[in-house]
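Residue numbers begin at 1 in each chain, while the letters A, B, ... track the order of the sequences. The shown structure was predicted, so the numbers you read here are calculated from the model rather than taken from an experiment.
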Number of protein chains: 2
Amino acid sequence: MTKNTRRTQRGEPSLSRDSIIAASIDLLDAGGDSGLTFRALSERLGTGAGAIYWHVANKDDLLDAACDAIVAQTMAMAAGSATMASQEAIRAIGLGLFDAIDAHPWVGGQLARAPARMPMVRILEGIGSRVAALGLQGNALWLGGSALLHYILGVAAQNAANRAYAQTHALVREDYLAAVGAEWSQLDADAYPFTRGIAAQLREHDDRADFLAGIDLILDGIAAQQARRG
Amino acid sequence: MTKNTRRTQRGEPSLSRDSIIAASIDLLDAGGDSGLTFRALSERLGTGAGAIYWHVANKDDLLDAACDAIVAQTMAMAAGSATMASQEAIRAIGLGLFDAIDAHPWVGGQLARAPARMPMVRILEGIGSRVAALGLQGNALWLGGSALLHYILGVAAQNAANRAYAQTHALVREDYLAAVGAEWSQLDADAYPFTRGIAAQLREHDDRADFLAGIDLILDGIAAQQARRG
DNA sequence: ACCTGAACACCGTTCAAGT
DNA sequence: ACCTGAACACCGTTCAAGT
């Protein structure tokens, strides 16, 4: 993610798709979705806005490539564990993604926005192949894989949104949760008994542990249906 | 959703928050996220852009209110069935939301973007109270409720993103799925065996049935853990 | 082949001025 | 109290012109 130094060797292009993507990731990490603009990017790279369009098609392409760089790296690390049991491997993939989105919250939003593209395919492949190794086939395999995928993407998007909201309103996690908890406590007691009841748990909960528990719930459901089919 | 007729009674404000929200929903339904602008909205309402700011705080407020109008109506309909078994009620809520997002795809994106706000609280309350009725308490209740919530929001966001992508590229569902399937079929056979294998199923699958199967998977997982706890 | 940078057609939001 | 509409500070994207 080092700053691109222009035309380091004579005749070589001063800009490359990779350096543009790396700079984009830096901007997104620093300022969230609104931190990446072609103006900020061209200033950082020391070029004009038009030059960037020679290497990327448009902003969607750029966001997709930035997201894919993070996801590809994350999946490569999580997949290194070939000797793991399938259930363990699925948890490892989930946690790897969780931590990656914790470090790069904009990735969660991008995964929710760009469906069926490479980043999602990488996750699908990682999850799906492990579900297949569990012994599922045909429709059960499809359903198990897509349930896990959608759950993971759902948590990713919500985490990203929570982070973005807190950042926009200049709140740290603690204060953000306290504010939401306070709001929920003031909901109408007849209409929102459940939400009022859990408002207190909001402050103490551990996103990462809860995320893992959700994966286990789905894995248990898969095992139960598998046992029922015999 | 009828066009606001200005100053129908003398002295009455010609604009109202409700009429602004209704017009916003129309624009979002017709043109997706990019269909809602203050310029399009003010033209449709026959006012200036500044007038709208007297009734809504900003665009986020407007999007949130539009989303909440749809979700509130959906939850009110799904909650009408008080005699249902809890598991049935959870499925009914899920399907109600699925169909609402099918009719208003932008709602899925908005749910992913605005965390812990009223639309999400309504869903949380509907789901959580039914999970509580299943007999869960304490941490198990929290985990079960949030797993179902995240799964539902994850599917909602992905469906919305798929629809938005297809609309932007002027594709009908069939052609969109065919295009994605074709892309997946051309992935490297060694790196993406799973994804290549399910590319064919992509065209035949039923989003709605798959969504329901995912809910059942989580409900089965909850039941299995409940049985284990005795 | 690659880059420049001004220009275009948009945005959300503000605000003095009106009624 | 409510509305007008021009103005402001941005966007992403294009494109003639340069090297």
Using Watson-Crick and G-U wobble pairs with both distances under 3.5 Å, what is the 5'-to-3' dot-bracket string of DNA chain C, with [ ] for crossing pairs and | for pairs outside the strand?
||.|||||...|||||.||

Taking only residues two or more places apart in sequence, or in another chain, which ones meet A:Y176 in a side chain to side chain donor-acceptor pair (under 3.5 Å)?
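Once residues adjacent in sequence are excluded, the partners of A:Y176 under the side chain to side chain donor-acceptor pair (under 3.5 Å) criterion are A:N162.
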
Expressed as a whole number of angstroms, how long is the span from B:I52:CD1 to C:dG12:P?
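Distance check: B:I52 CD1 to C:dG12 P gives 10 Å.
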
Residue mapping more 5' on DNA chain D - nearest nucleotide basis, A:G50 or A:K59
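The residue closer to the strand's 5' end, by nearest nucleotide, is A:K59.
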
Nearest-Å distance, CG (A:D61) to C1' (D:dT13)?
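Spelled out: CG on A:D61 to C1' on D:dT13 is 14 Å.
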
Whether the B:R122 and A:Y192 side chains hold a donor-acceptor pair (N or O, under 3.5 Å, no angle test) is what I'd like checked.
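A pair is found: one side chain offers a donor N or O, the other an acceptor, under 3.5 Å apart.
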
d(CG, A:L45; C1', C:dT4) in whole Å:
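Distance check: A:L45 CG to C:dT4 C1' gives 14 Å.
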
Can you tell whether the side chains of A:R117 and A:D60 come within less than 4.0 Å, N to carboxylate O?
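Salt bridge flag = no for A:D60 with A:R117.
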
Measure from the ring center of A:F98 to the ring center of A:F211 and say whether it is less than 6.0 Å.
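Ring-ring flag for A:F98/A:F211: true, centres closer than 6.0 Å.
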
Nearest-nucleotide pick for B:T47, side chain only, options being D:dC3, C:dG12, D:dT4
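Among D:dC3, C:dG12, D:dT4, the one nearest the side chain of B:T47 is D:dT4.
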
Starting at CZ of A:R17 and ending at P of C:dA1, how long is that distance when rounded to a whole Å?
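After rounding, the reported distance stands at 19 Å.
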
Can you tell me which nucleotide in D:dT4, C:dC3, C:dG12 comes closest to the side chain of B:Y53?
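Of the candidates, C:dG12 comes closest.
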
Separation of atom CG in A:L27 from atom P in D:dG12, rounded to whole Å
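Nearest whole value for this atom pair: 11 Å.
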
Provide, to the nearest angstrom, the distance between the CG atom belonging to A:L15 and the P atom belonging to C:dT4.
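Going from A:L15 (CG) to C:dT4 (P), I get 8 Å.
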
What is the distance from CZ of B:F38 to C1' of D:dC3, rounded to the nearest Å?
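My rounded result for the distance is 15 Å.
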
Map A:W54 and A:R39 onto DNA chain C by nearest heavy atom, then report which one ends up closer to the 5' terminus.
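Looking at DNA chain C, the more 5' nearest nucleotide goes with A:W54.
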
When rounded to the nearest 0.5 angstrom, what is the spacing between CD1 in A:I25 and NE2 in A:H104?
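That separation rounds to 7.0 Å.
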
Tell me whether B:D188 is salt-bridged to B:R196, with the criterion being a basic N under 4.0 Å from an acidic carboxylate O.
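Not counted as a salt bridge, because no side-chain N and carboxylate O are separated by less than 4.0 Å.
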
Below 4.0 angstrom, N of the basic side chain to O of the carboxylate: do A:R163 and A:D102 qualify?
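Looking at A:R163 and A:D102, the cut-off is met.
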
Taking only the side-chain heavy atoms of B:A49 (C-beta and beyond), determine which of C:dT13, D:dC3, D:dT13 contains the nearest atom.
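My answer, after comparing the listed nucleotides, is C:dT13.
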
Atom CG of B:L41 to atom P of C:dG12: distance rounded to whole Å?
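For the pair B:L41 CG and C:dG12 P, the rounded distance is 10 Å.
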
May I ask you to say what B:L36 touches in the nucleic acid, namely base, sugar-phosphate or nothing, with a heavy-atom cut-off under 4.0 Å?
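Contact class for B:L36: sugar-phosphate only.
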
Would you say B:S14 reaches D:dC2's phosphate, i.e. side-chain N/O to OP1/OP2 under 4.0 Å?
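No, no such contact exists.
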
